[in-house]
Amino acid sequence: MTQIKLLELPIGVQLAYLAEGGANIIYRIIVPSSPGFNSGPTVPAQYKGKLLRLRKDTPAGVSYQEITRNFDKNIRPLFKPEELVDQELVYLPKGVTQQCNEQLRSAEVAGKRPKQRRGVYLSVTEPFGLLVTDMTSFGNPGTELAELKPKWLLQSASAPIGARKCRTCALRDMKNHDSRRAGSMDARSFCPLDLVSDKFEHVLRATKFVKGYKDHTRLARVLYRNPTLLRLLALQRSMKDVGLYGPSPQSRDKSLAMTIRDCTMYIKIPRSEKGRVEIRLGDLDLKTASGGKAQYWLDLEQRLIDEGWYMCAKANTQPCDCALQMQSTSPRGQPPPSM
């Protein structure tokens, strides 16, 4: 069997902090300009169009080798290559994560690191990073970005008959109820059922809640009957038993079903109407049921049912734009305006 040669980041590479989540930090890869040249920092050719993802040292941390194996085995076969934020293992130079951690600590002292992320740093025992497709507009000022989480594109199989809210809207309502009791503001967002509606005005209704891109009509044209969204819908339909039913919460099938319900859709839209729109799905690490996550999924669904969130049974339930709540009064669908 032929051994696959892995990429290695060059010694002396510089990493520019871009963003972070609970388990990873994303960096831009740059190399200092050569002495005697004023060309400024450059990106090595083999890393153009790529960002570097580094793993944090967290109790539930999964090695990048395992994440890559799961991605290659379980996620890649489900989508076309151009529909995925790709990821590839890359060896890290010695000491690079320690240097990044020093930068994170300095950023904390300067008040530049997000407060909720402070105190957690990169794993110094993880030998790999992940090269991921760059879905930012860096180096391409003629491109604008939209980002959204499609979530549950069809109703939970264990929702009560006659439910007035979909699973996502019911969960949002419950969380808003808890937030109000804690003195926080309500969160508003779109109903995922609208994203895959065959009525253009429903898709438009959803895009008005997408942050970061102001031309809602154009975004709705991009998303209306979009093949990647429809593929995601078909996959969710084929793995529909994710509430109280179906495979064991500890099973690979349940993990995969929950993973495709919590991915992110990244959309690059050129300002020119003639340019090509690029749509990719990311955040597709296979979800693990360890650490009590399996029981959490079951408990959450049971609470949505028992407390009446699917049925709008709470007296202080707030109105929302859930497609299930509005379908009886929705006007007859119209085709989208031409491009």
Is it true that [X] and [Y] have a side-chain N and a carboxylate O under 4.0 angstrom from each other?
X	Y	result
R225	D198	no
D178	R303	yes
R76	D86	yes
E278	R280	yes
R113	E108	yes
R28	D134	yes

Does anything in residues 77-101 pair up under ring pair (Phe, Tyr, Trp, His ring centres under 6.0 Å), and if so which pairs, sequence neighbours excluded?
Y91-F128
According to the ring pair (Phe, Tyr, Trp, His ring centres under 6.0 Å) rule, which pairs have a member within residues 101-124, sequence neighbours left out?
none
Looking at residues at least two apart in the chain, or sitting in another chain, which of them share a side-chain contact (heavy atoms from CB on, under 4.5 Å) with [X]?
X	result
K94	none
T264	E147, K149, Y266, D283
P114	Y17, E20, Q116, R117

Checking R105 now: which residues fulfil side chain to side chain donor-acceptor pair (under 3.5 Å) with it, not counting sequence neighbours?
none
Spell out, yes or no, whether Y296 and L244 are grouped together once hydrophobic residues are joined by side-chain heavy atoms under 4.5 Å, including indirect joins.
yes
H202 and S197: side-chain donor and acceptor closer than 3.5 Å?
yes
